[in-house]
Amino acid sequence: DIEKFYDEFSERVLVQDFRYLNLRQEAIRGLCRRFVRDGDRVLEVGCGVGIIARTLQQYASFVLAVDISSKNVRIAEKFAGSDRCEVRVLDIVEQGGELQAYDKFDVAILPDVVEHIPRERYPALFSALENALLPDGRIILTYPTPEHQGYLKANTPDMLQVVDESVELSDILGVTKLKPVYFAYRDIWEKNDYVHFVLSGDRSYRPSFDSDSVVAKIRNRIRKYWWRFSNALFLRRLKKVLAEADRSTSTDATRRK
């Protein structure tokens, strides 16, 4: 039933993005350019008609674009398919194991997809994504804010899709071991109507100032001394204030006796 819905949705809605510039996709392309490095291997889940995939392959070394709708895939293959972009039908929750046939990916992107997957399937979804990624891989998510979804459900429920969850941050953080590295509410058509969220498997730690970075040490020491100098006058005033407070407390205690 879901596949049939998106086959029809493709022709009724998604194809319109070839005629009119979609500001939501413009914002997604900007987010990808920030968090997808040149030469990365990218997995796009829910590729639709291939508009994001076509952009990604301009700087990624390889893009695997998957979608549950066979009609979407046929269009995306014509529009974005190339020797750097493979497009195929795949339900990542049910068929995530098939991704093991590919080399690991640097990035997985779900452009306005996670809200269209039932919340109870999130553990399986993120397990499949993490298994497909390199240890320091990233997941890029975009989805409507809960406030925006709440407004749609109350005022224009006919605009919702067959599955349209209100996604909270805790819904995602509770099912993945990846750490959040970027989170923002974005204004696309209305104020605060979309979330841009990036998770990373990279948990490496390195001190800000290496032992062999002499310049960094000197710069840090100068900042510390400047901070102390700029607050010297206040510290002298603070001693008087604290002394007066102590005397006042002592006097009050004597009076109570």
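Just so you know, these numbers use all the heavy atoms, side chains as well, and skip hydrogens, waters and symmetry mates.
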Count the heavy atoms of every other residue, nucleotide or ligand shown that sit under 6.0 Å from [atom1] of [X], and state whether that count exceeds 12.
X      : atom1 : answer
Trp189 : CH2   : yes
Glu190 : CD    : no
Lys78  : NZ    : no
Lys4   : NZ    : no

Test item: side-chain donor near acceptor, [X] and [Y], under 3.5 Å:
X      : Y      : answer
Tyr143 : Gln149 : no
Ser166 : Lys153 : yes
Asp67  : Ser69  : no
Tyr102 : Glu86  : yes

Check: [X] side chain, [Y] main-chain N or O, donor-acceptor pair, under 3.5 Å:
X      : Y      : value
Ser230 : Trp226 : yes
Asp164 : Leu160 : no
Asp187 : Asn192 : yes
Thr145 : His148 : yes

So, for [X] and [Y], which heavy atoms are closest and what is the spacing to 0.1 Å?
X      : Y      : result
Val175 : Pro123 : CG1-CG, 3.8 Å
Gln100 : Ala132 : NE2-N, 4.4 Å
Asp17  : Gln25  : OD2-NE2, 3.3 Å
Phe18  : Ile75  : CE1-CG2, 4.0 Å
Ala53  : Val63  : CB-CG1, 4.4 Å

Side chain to side chain contact (heavy atoms under 4.5 Å, CB included) evaluation trace for Val114 with Phe197: CA-CA 11 Å; Val114 69; Phe197 186 25; over 6 Å; no
I'd like to know whether Asp193 forms a side chain to side chain contact (heavy atoms under 4.5 Å, CB included) with Tyr151, so could you lay out the CA-CA distance, the side-chain angles of the two residues, the decisive distance to 0.1 Å, and finally the verdict. CA-CA 10 Å; Asp193 55 350; Tyr151 177 85; over 6 Å; no
Atom pair [atom1] ([X]) and [atom2] ([Y]), whose distance is rounded to the nearest 0.5 Å:
X      : Y      : atom1 : atom2 : value
Leu23  : Ile188 : CG    : CD1   : 7.5 Å
Thr55  : Ile28  : OG1   : CD1   : 10.5 Å
Leu56  : Cys47  : CG    : SG    : 10.5 Å
Ile140 : Cys32  : CD1   : SG    : 4.5 Å
Arg24  : Arg29  : CZ    : CZ    : 10.0 Å
Ile51  : Glu26  : CD1   : CD    : 10.0 Å

Treat each ILVMFWY residue as a node, draw an edge where side-chain heavy atoms are under 4.5 Å apart, and state whether [X] and [Y] are in one component.
X      : Y      : result
Val36  : Leu199 : no
Tyr194 : Val45  : no
Val42  : Val181 : yes
Val89  : Val87  : yes
Leu64  : Leu125 : yes

As a test of understanding, state which of His196, Glu147, Lys191 forms a side-chain hydrogen bond (donor to acceptor under 3.5 Å, both in side chains) with Tyr185. Glu147
What do the steps show when you test Glu168 against Arg119 for salt bridge (Lys or Arg N to Asp or Glu O under 4.0 Å), and what is the final call? CA-CA 10 Å; Glu168 296 285 355; Arg119 190 180 289 106; over 6 Å; no
Salt bridge (charged side-chain N to carboxylate O under 4.0 Å, His left out) with Asp40: which of Arg84, Arg138, Arg33?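 Single salt bridge (charged side-chain N to carboxylate O under 4.0 Å, His left out) partner of Asp40 among Arg84, Arg138, Arg33: Arg138.
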Evaluate Lys239 against Leu235 for side chain to side chain contact (heavy atoms under 4.5 Å, CB included), listing each step before the verdict. CA-CA 6 Å; Lys239 288 181 180 179; Leu235 286 172; 5.8 Å; no
If the test is side-chain contact (heavy atoms from CB on, under 4.5 Å), which one of Leu43, Leu133, Asn131 qualifies with Leu99?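 Answer to the side-chain contact (heavy atoms from CB on, under 4.5 Å) test with Leu99 among Leu43, Leu133, Asn131: Leu43.
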Sole candidate of Leu141, Ile52, Thr142 that passes side-chain contact (heavy atoms from CB on, under 4.5 Å) when paired with Asp112: Thr142
Answer whether the closest heavy-atom distance between the side chains of [X] and [Y] falls below 4.5 Å.
X      : Y      : answer
Val162 : Tyr6   : yes
Leu178 : Ile139 : yes
Leu169 : Phe183 : yes
Leu152 : Pro157 : no
Ile92  : Leu129 : yes
Glu165 : Ile117 : no
Tyr122 : Thr176 : no
Arg221 : Ile218 : no

Salt bridge check: are Asp106 and Arg41 linked by an N-O gap of less than 4.0 Å?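 Arg41 and Asp106: not salt-bridged.
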Basic-acidic side-chain contact under 4.0 Å: Glu98, Arg88: yes
Would Ser204 and Asp202 count as a side-chain hydrogen bond (donor to acceptor under 3.5 Å, both in side chains) here? Give the steps. CA-CA 6 Å; Ser204 60; Asp202 183 5; 2.7 Å; yes
Report yes if the distance between the aromatic ring centroids of Phe35 and Tyr182 is under 6.0 Å, otherwise no. yes
Working for side chain to side chain contact (heavy atoms under 4.5 Å, CB included), residues Cys85 and Arg54: CA-CA 8 Å; Cys85 180; Arg54 182 165 177 166; over 6 Å; no
